[in-house]
Amino acid sequence: MEKRDLLYDGTAKRIYTTDDEHVLLVSYKDIATDFFGLKMSTIPGKGAICNRVSNHLMTVLENAGIATHFLSESSETDCLVRRVKIIPLAVIVRNISAGAFAKRYGVEEGIVFDEPTIEFYLKNDMLGDPLINTYHAVALKIESRERIEEMKALAFRINEILKAYFQSVRIHLVDFRMEFGLTEDGTLVLADEISPDTCRLWDIDTHFRLDKDRFRLDMEQMDAGYHEILRRLLGNA
Ligand code: C5P
């Protein structure tokens with residue numbers, strides 16, 4: 001598949017059109033930024049790890065019956081995905097308190113919830129991705145109530161599959177962020193990436209953080225988590 005025009009140049013990845021109008025090429029970079037884009041650095045090998053981990057998790061989900069945009073891995077840092085219409089809502093599912101949730105409600109990190117929670121954020125850089133609820137999303141004509149309910153159900157199913165999968169390699173899936181898209185025939189599919197950049201992943205036994213929080217919180221061994229996730233999910237392959 002030939003790479004054609006640059007469609008999007010983000011901090012963590014670039015997206016290109018290809019010679020097939022229904023297929024895009026995603027190319028992961030080694031750049032890490034914090035939530036506000038204030039801090040930026042290069043973590044060598046991060047792009048390849050996020051690409052390989054995300055492709056692997058998308059495959060695990062596909063095998064469990066979840067429709068995703070993933071098609072194939074085309075190189076260490078690149079993959080091919082179905083071109084979909086991205087719904088401009090970021091969806092966050094949480095199993096354990098951490099990050100913005102702990103801060104917003106003034107609770108400690110590490111509280112295991114009786115059932116998972118869900119939040120939606122409007123994807124809008126100028127507004128700093130504000131929190132949004134179903135009523136507001138319907139009022140803004142972003143999607144219908146039915147579609148949003150479908151997204152919630154799909155997000156919780158994805159959470160159950162990934163939570164169990166991470167558990168099998170002694171990792172807590174604390175929380176993670178998803179984006180969804182619609183195919184031409186209106187099918188809802190999981191899009192974007194699922195990787196240590198977009199999940200909080202804690203070692204079950206030591207609580208060592210294996211995700212991007214090491215970078216966000218200026219912790220030691222910034223890239224250790226990324227390498228450990230790759231090793232546990234894919235061996236040393
Ligand atoms: O900051 P917050 O606690 O809301 O983050 C929840 C989850 O969403 C974390 O796993 C984080 O990595 C992910 N996230 C993300 N990109 C953002 C914001 C959050 O991947 N811009």
Side-chain angles (χ1 to χ4, degrees), residues 12 32-36 38-39 49-50 53-54 56-57 60-61 64 66 89-123 127-137 148-180 190 192-233:
T33 52
D34 64 4
F35 290 131
F36 315 103
L38 297 176
K39 201 165 64 162
I49 293 177
C50 286
V53 167
S54 185
H56 178 70
L57 294 175
V60 166
L61 289 167
I66 302 287
L89 297 172
V91 183
I92 291 184
V93 170
R94 303 177 193 265
N95 298 301
I96 298 176
S97 67
F101 182 97
K103 205 165 169 190
R104 185 180 310 127
Y105 301 115
V107 296
E108 67 199 49
E109 296 204 318
I111 302 166
V112 180
F113 302 146
D114 291 341
E115 52 185 73
T117 68
I118 194 162
E119 283 142 59
F120 289 85
Y121 292 86
L122 177 64
K123 280 184 51 174
L127 300 175
D129 293 359
L131 194 59
I132 188 170
N133 68 24
T134 307
Y135 293 95
H136 296 165
I148 293 172
E149 293 306 325
E150 188 188 354
M151 286 168 73
K152 285 184 195 166
L154 188 55
F156 283 131
R157 269 177 63 210
I158 291 169
N159 179 53
E160 288 312 312
I161 295 162
L162 293 183
K163 199 170 77 169
Y165 182 66
F166 277 112
Q167 180 114 20
S168 74
V169 291
R170 304 294 299 157
I171 291 170
H172 280 309
L173 175 59
V174 174
D175 55 34
F176 67 113
R177 176 186 191 274
M178 281 163 275
E179 282 186 24
F180 292 96
L190 176 66
D192 196 42
E193 71 177 287
I194 307 278
S195 76
D197 265 7
T198 62
C199 302
R200 281 199 177 89
L201 302 165
W202 296 352
D203 183 282
I204 289 183
D205 303 301
T206 63
H207 279 191
F208 188 87
R209 291 169 196 253
L210 298 163
D211 57 68
K212 200 178 174 189
D213 268 356
R214 303 207 76 75
F215 165 76
R216 295 187 189 114
L217 304 171
D218 283 320
M219 297 169 106
E220 310 249 291
Q221 299 174 268
M222 210 156 72
D223 59 352
Y226 286 83
H227 289 281
E228 181 61 13
I229 294 290
L230 184 68
R231 193 187 67 76
R232 284 202 212 175
L233 299 190

Separation of [Y] [atom2] from [X] [atom1] (nearest 0.5 Å):
{"X": "Ile148", "Y": "Ile118", "atom1": "CD1", "atom2": "CD1", "result": "10.5 Å"}
{"X": "Ser54", "Y": "Leu61", "atom1": "OG", "atom2": "CG", "result": "9.5 Å"}
{"X": "Phe156", "Y": "Lys163", "atom1": "CZ", "atom2": "NZ", "result": "10.5 Å"}
{"X": "Asp192", "Y": "Thr198", "atom1": "CG", "atom2": "OG1", "result": "7.0 Å"}
{"X": "Asp205", "Y": "Arg170", "atom1": "CG", "atom2": "CZ", "result": "4.0 Å"}
{"X": "Ile132", "Y": "Lys123", "atom1": "CD1", "atom2": "NZ", "result": "13.5 Å"}

Checklist entry - Hey, mind stepping through Leu89 and Phe180 against side-chain contact (heavy atoms from CB on, under 4.5 Å) and telling me if it holds? => result CA-CA 8 Å; Leu89 297 172; Phe180 292 96; over 6 Å; no
Let me check something: any side-chain donor-acceptor pairs from residues 92-104 under 3.5 Å, sequence neighbours excluded? List them with distances.
residue : atom : partner : partner atom : Å
Arg94   : NE   : Glu119  : OE2          : 2.6
Arg94   : NH1  : Asp175  : OD2          : 3.4
Arg94   : NH2  : Glu119  : OE1          : 2.9
Asn95   : OD1  : Asn159  : ND2          : 2.9
Asn95   : ND2  : Asn159  : OD1          : 2.9
Asn95   : ND2  : Leu173  : O            : 2.9
Ser97   : OG   : Glu108  : O            : 2.7
Ser97   : OG   : Gly110  : N            : 3.2
Ser97   : OG   : Ile111  : N            : 3.0
Arg104  : NH2  : Tyr121  : OH           : 2.7

Checklist entry - Can you check salt bridge (Lys or Arg N to Asp or Glu O under 4.0 Å) on Lys152 and Glu149, steps first, answer last? => result CA-CA 5 Å; Lys152 285 184 195 166; Glu149 293 306 325; 3.4 Å; yes
Item to check | Working for side-chain contact (heavy atoms from CB on, under 4.5 Å), residues Asp203 and Glu228 | outcome: CA-CA 10 Å; Asp203 183 282; Glu228 181 61 13; 5.6 Å; no
Next on the checklist: I need the minimum non-hydrogen distance between Gly225 and Arg214, along with the two atoms involved.
Outcome noted: N-CD, 4.4 Å
Checklist outcome for this item: Between Phe176 and Cys199, the two heavy atoms sitting closest are CB-SG, 3.6 Å
Is there side-chain contact between [X] and [Y], with heavy atoms separated by less than 4.5 Å?
{"X": "Lys39", "Y": "Asp218", "answer": "yes"}
{"X": "Arg200", "Y": "His172", "answer": "no"}
{"X": "His56", "Y": "Tyr165", "answer": "yes"}
{"X": "Tyr226", "Y": "Cys50", "answer": "yes"}
{"X": "Leu122", "Y": "Pro130", "answer": "yes"}
{"X": "Ile49", "Y": "Ile229", "answer": "no"}

Checklist entry - Regarding Arg232 and the six-membered ring of Phe166, is the cationic atom NZ or CZ under 6.0 Å from the ring centre and inside 45° of its axis? => result no
Checklist entry - What do the steps show when you test His136 against Phe120 for side-chain contact (heavy atoms from CB on, under 4.5 Å), and what is the final call? => result CA-CA 10 Å; His136 296 165; Phe120 289 85; over 6 Å; no
Next on the checklist: side-chain contact (heavy atoms from CB on, under 4.5 Å), that's the test. Do Leu217 and Arg209 meet it? Break it down for me.
Outcome noted: CA-CA 11 Å; Leu217 304 171; Arg209 291 169 196 253; 4.1 Å; yes
Checklist entry - side chain to side chain contact (heavy atoms under 4.5 Å, CB included) with Pro196: which of Val53, Asp213, Leu210? => result Val53
Checklist entry - When you measure from the side chain of Lys212 to the backbone N and O of Thr33, does any donor-acceptor pair fall under 3.5 Å? => result yes
